[in-house]
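Please read the structure below before turning to the comments.
What's counted below: heavy atoms across the whole structure, side chains too, no hydrogens, waters or symmetry copies. Throughout, residue positions are numbered sequentially from 1 according to the sequence presented.
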Amino acid sequence: MPSISANSSPQKRVLRSHAAALKVLITSPSGPTLPSRCRNSIPFTSLTKNDVVSIRSGDKQAESDCVAPKPERDPIATALDSTPQKHKVRSRAVLEASTLPPATHSPSKWKSQRRCISASPHTSLTESKVDSVCGGDAQAKGKLKWNPNDGEQLRVVKEALHVSTEPSRIACREDEQNTVLEFCKACVEQEKAGSLYICGCPGTGKSLTMERVKGLLLNWATEAGFVRPDVLSVNCTSFVNTSDIFTKILELNQSPGKKISATPLRQLQNMYSQKSSRNNMVLILADELDYLITKDRAVLHDLFMLTTLPFSRCILIGIANAIDLADRFLPRLASLSCKPIVVTFRAYCKDQILRILQERLSELPYIVFQHQALELCARKVAAACGDMRKALCICRSAIEMLEAEIRESTSKSNTSLEEKASSEQKTTTTSDHMKKHEFDTVRIDHMALSLSKTYRSPVVDTIQSLPLYQQIVLCSSMKHFRGTKKETILGELYKSYMGICKLSQIQPAGFLEFSDMCRVLNDQGLIKLGQSREDKLKKLTLKVDEADITFALQVEEIKEMARNAVLSGCSSFTSIGKLLIL
């Protein structure tokens, strides 16, 4: 018999017919007869487990359950020998499993092929993976279904996102917390006074971290056998007179009933200048320390000087926003080598804001926000200010957007139910169910509306109302001034404008038209255009904040992408502003 190529069409048909015949023979206990065209091709004998042969059908639904003894030089076996080894091994493993006696398998030992809870026996591997990642999050985490119409659940969610709610664990501030705690422990162990200055932007967790340090220090002192320090936590904004802070400190160190004519500051100085019978330290947490700054800066200076007295037992921790407060207002402390140690709390980045929001929401028994919505909030707040309090307020506002949508949808549905016929209601059952399902979580469009409401300003409205080409000019100005540049000339800015138009494949305007657009932006107060005989030599400076330009050019696209994300059910969201990534 002539040799047959495995890739030829007649050979594939022969292989398929042999595979079908072998499958019938294996599954039938009586061994049915083969078709006449296959009867003389392979001499069939009794089939055993050792006579398994791999046969590739070449079809999408490959039939690999075939067994036969190897003939000496059969053309079909020759064709099968040219099959890749990996197909043979895969088919052989399946065939060996299928030819085992039924008695060797007990029903309790079979393992389901399903990859997740919601999959069926016919679910494909790809569908199972997608469902396990996206669709089954609530079930996997044991989360209940959130009902925004439930007033009690709504109250619990808003309370968890409130600024005054202290989380169970302070995230993303572990290093700063350990630095302050170790400093306080060393002061207590050595019975030595000291001072720290905590600085950073608003909403970076300074006050919250110091309150946690206070509790940890008291617990440590009790467990280690030290005398627990007295604690004074004050907010300097509550003082009528700046010198009232010395009165508060004196109340901790002096027994009541004693009346001395000296001022509280003088009494403290005398007390810490000589040895006293008191053994416990005093921890002073002074929040909003910059309110103690006076014209002569005497109060702030005297407060830190208390820690330098020979028998002082004060551990002073001042908290304020200004990073250079100690350098500007306490220069004499540096000359006396008693400048306080500075610990800076940097603004939260996107990943830190997202992590803090997720940890707060993880304590709830249900899922409230889409992950994309939280990511959008974290990105915007991190780009604007890094204020965690602002992020919490935006999330609460987004929940209010969902409430408003539910009220509006409920009123519309009540009206439509009265007008629609019963037949029309049956056709809209699926769409109504999907609309109700969308109310289960706070989506991206809710968060985009909340962000727009929070960061809305007249400047943003002005930028959004500009024509496209003027927005491109403004965007070119913002990108040109990134870095150390404060001003430029119109000719240099036009070169940047040409480059952006080339990258974005937009037909650029001529220089005269470009100059006219800059005059319009100057009239609206967005840029400042100087005077010169030649237009190219006119000096130009930017008069608006970069964050306002970025937000104004992104917010409309954010809303559009949010609507597309809701419709397509995408699992990730990335904001791309007009020309801002070029």
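Counting only residues at least two apart or in different chains, salt bridge (Lys or Arg N to Asp or Glu O under 4.0 Å) contacts with residues 228-239 comprise D230-R278. Identified under the salt bridge (Lys or Arg N to Asp or Glu O under 4.0 Å) test for residues 164-181, with sequence neighbours left out: E166-R212, R169-E174, R169-E359, R173-E176, E174-R355. Among residue pairs with one or both ends in residues 317-344, those qualifying as salt bridge (Lys or Arg N to Asp or Glu O under 4.0 Å) are D324-R328, D327-K339; sequence neighbours excluded.
I170 contributes atom CD1, which lies 9.5 Å from atom CD1 of I356 (distance to the nearest 0.5 angstrom). Rounded to the nearest 0.5 angstrom, L490 CG and C518 SG are separated by 4.5 Å. The CE atom of M305 sits 12.5 Å away from atom CG of L316, with the distance rounded to the nearest 0.5 Å. Here CG of L354 is found 5.5 Å from NE2 of H371. Values are rounded to the nearest 0.5 Å. To the nearest 0.5 Å, atom OG of residue S477 and atom CG of residue L542 are 6.0 Å apart. Taking OG1 from T344 and CD1 from I198, the interatomic distance works out to 8.5 Å, rounded to the nearest 0.5 Å.
With respect to the salt-bridge test (charged N to carboxylate O, under 4.0 angstrom), the residues R443 and E405 qualify. Salt-bridge annotation for E159 and R155: present, with a side-chain N of the basic residue lying under 4.0 Å from a carboxylate O of the acidic one.
Residues P264 and L268 have side chains not in contact (no heavy-atom distance under 4.5 Å, counting atoms from C-beta outward). Side-chain contact between I399 and F369 is present, with at least one heavy-atom pair separated by less than 4.5 Å. Side chains of S195 and I341 form no contact here, defined as non-hydrogen atoms less than 4.5 Å apart. Side-chain atoms of D150 and L154, non-hydrogen and from C-beta on, never get closer than 4.5 Å to each other. Residues I319 and C199 form no side-chain contact, since every pair of their non-hydrogen atoms from C-beta on lies 4.5 Å or further apart. Between Y497 and M517, the closest side-chain pair of non-hydrogen atoms falls below 4.5 Å.
For E223, the salt bridge (Lys or Arg N to Asp or Glu O under 4.0 Å) test picks out no residue, with sequence neighbours left out. Contacts of E403 classified as salt bridge (Lys or Arg N to Asp or Glu O under 4.0 Å), with partners at least two apart in sequence or in another chain: K158. Remark: S273 engages L309 in a side chain to side chain contact (heavy atoms under 4.5 Å, CB included) (not counting sequence neighbours).
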Margin query: Could you walk me through whether K192 and I315 satisfy the side chain to side chain contact (heavy atoms under 4.5 Å, CB included) test, starting with their C-alpha distance in whole Å, then the side-chain angles of each, then the deciding distance to 0.1 Å, before giving a yes or no?
Written below: CA-CA 8 Å; K192 182 180 178 181; I315 306 173; over 6 Å; no
Notebook entry, point to check: Would R396 and C393 satisfy side chain to side chain contact (heavy atoms under 4.5 Å, CB included), going step by step from the backbone distance to the final call?
Noted result: CA-CA 5 Å; R396 287 167 58 89; C393 292; 5.6 Å; no
Check: Would L325 and L300 satisfy side chain to side chain contact (heavy atoms under 4.5 Å, CB included), going step by step from the backbone distance to the final call?
Finding: CA-CA 10 Å; L325 181 142; L300 195 62; 3.9 Å; yes
